2 protein chains.
Amino acid sequence: MNAVFKALADPTRRKVLELLRQGPMTAGDLSDQFPVSRPTMSAHFAVLREADLIEANKIGTSILYQLKLSVLEDALLSFTQLFGIGAGEAQRKPTRKGADK
Amino acid sequence: MNAVFKALADPTRRKVLELLRQGPMTAGDLSDQFPVSRPTMSAHFAVLREADLIEANKIGTSILYQLKLSVLEDALLSFTQLFGIGAGEAQRKPTRKGADK
DNA sequence: CATTTATTTAGATATTTAGCTAAATAGCGA
DNA sequence: TCGCTATTTAGCTAAATATCTAAATAAATG
């Protein structure tokens, strides 16, 4: 969980996750979307992998990265639920009609 | 938004927010819950204030900190919604009865 | 008005992080 | 196998961060 929040702290990494939301992408294609060097991007990928937020699959000479949405979801949901934020089912289960209106 | 995620990257700060969920607390009372010095805690408070996640109110010689839940909520929800994670109203607002069932 | 209490600011240091270039690795195709 | 392409690893620097102690500020109280 700590690793996930650490990973999310950087805007580049959040953007990578966002791009990956649309489907798997190679390291190179991802890197092309950012104004930093490949090695720098590689380091960002490593942080995301460390947090288990993405998964790497070698495809020939390329590496295809894929979002692990469930990991992101679990971390975010368990955190938001800690605060009773409208993030899960839990808090919006009305016992009586209009009870929380 | 970036400031919020930066603030959430540190476990001490996340714990502070968690403690404040139960209600406002003074800087001193909060500090007592952590194994670091007052000045260090003061710096953490500053980061949280910077991110607008907490609000400070002077009460005599003490400072009462209060969670700004709506700010945390907004940041987290808008992010989770980016990913279609079951985190907000948006994705569970049925336009027609049972539309997404 | 001097003292005490609560908190922050200043100033120092150590660690971590994001970035770079250059070099190493790994797969592919001639 | 040689060379090409994709990516990572190594090694470095600069900036940011977390921490500390000591000093400054501010409010309350005798």
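Keep in mind it's a predicted model, so treat the numbers as computed, not measured. Chain letters run A, B, ... following the sequence lines, proteins first, then strands; residues in each count from 1. Scope of the values below: all heavy atoms of this structure, side chains included, with no hydrogens, waters or symmetry mates.
Nucleotide C:dT7 holds its P atom 7 Å from the CG atom of B:Asp29, rounded to whole Å. B:Lys58 has its NZ atom 6 Å from the C1' atom of D:dA26, to the nearest Å. Across the protein-nucleic acid pair, B:Asn57 atom CG and C:dT8 atom P stand 13 Å apart, rounded to whole Å. Remark: C1' of C:dT7 and CD1 of B:Ile54 are 13 Å apart, rounded to the nearest angstrom. Note: CG (B:Asn2) to P (D:dT17) measures 10 Å, nearest angstrom. The CZ-P distance, from A:Phe45 to C:dA18, rounds to 14 Å in whole Å. In this structure, B:Ile63 atom CD1 and C:dT7 atom C1' are separated by 6 Å, rounded to whole Å. One interatomic measurement links the two molecules: CD of B:Glu50 to P of C:dT8, which rounds to 14 Å at whole-angstrom precision.
In the displayed structure, A:Glu50 atom CD is contacted under 6.0 Å by at most 12 heavy atoms of other residues, nucleotides or ligands.
Between B:His44 and the phosphate of D:dT19, there is a side-chain N or O to OP1/OP2 separation shorter than 4.0 Å. For the OP1/OP2 pair of C:dT5 and a distance below 4.0 Å, the side-chain nitrogens and oxygens of B:Thr61 include no atom meeting the criterion. Applying the 4.0 Å criterion to OP1 and OP2 of D:dT17, one finds that B:Arg13 has every side-chain N and O outside that range. An OP1 or OP2 oxygen of C:dT8 is reached within less than 4.0 angstrom by a side-chain nitrogen or oxygen of B:Arg49.
Considering only side-chain atoms of A:Tyr65, the nucleotide from D:dA26, D:dT8, D:dT19 that sits closest is D:dT8. The listed nucleotides are C:dT8, D:dT7, D:dA18; the one nearest the side chain of B:Asp10 is D:dA18. Proximity note for B:Ser37 (side chain, C-beta onward) versus C:dT7, D:dT21, D:dT17: the nearest is D:dT21. Considering only side-chain atoms of B:Ser62, the nucleotide from C:dC20, C:dT7, D:dT8 that sits closest is C:dT7.
Side chains of A:Leu20 and A:Met25 form a contact here, defined as non-hydrogen atoms less than 4.5 Å apart. When side chains are defined from C-beta on, A:Leu67 counts as touching A:Leu17, because their heavy atoms get closer than 4.5 Å.
Salt-bridge formation is not detected for the pair A:Asp74/A:Lys68: no Lys NZ or Arg NE/NH1/NH2 atom is positioned less than 4.0 Å from an Asp or Glu carboxylate oxygen.
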Verdict with reasoning, B:Phe79 to B:Phe5, per ring pair (Phe, Tyr, Trp, His ring centres under 6.0 Å)
CA-CA 10 Å; B:Phe79 183 71; B:Phe5 277 105; 4.9 Å; yes

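Nearest-nucleotide mapping onto DNA chain C: of A:Val36 and A:Gly60, the residue sitting toward the 5' end is A:Val36. With the nearest nucleotide of DNA chain D identified for both B:Thr40 and A:Pro39, A:Pro39 has the one nearer the 5' end. Nearer the 5' end of DNA chain C, as judged by each residue's closest nucleotide, is the contact made by B:Ala27, out of B:Ala27 and A:Ala9.
Nucleic acid contact class of A:Thr26 (heavy atoms, under 4.0 Å, all strands): sugar-phosphate only.
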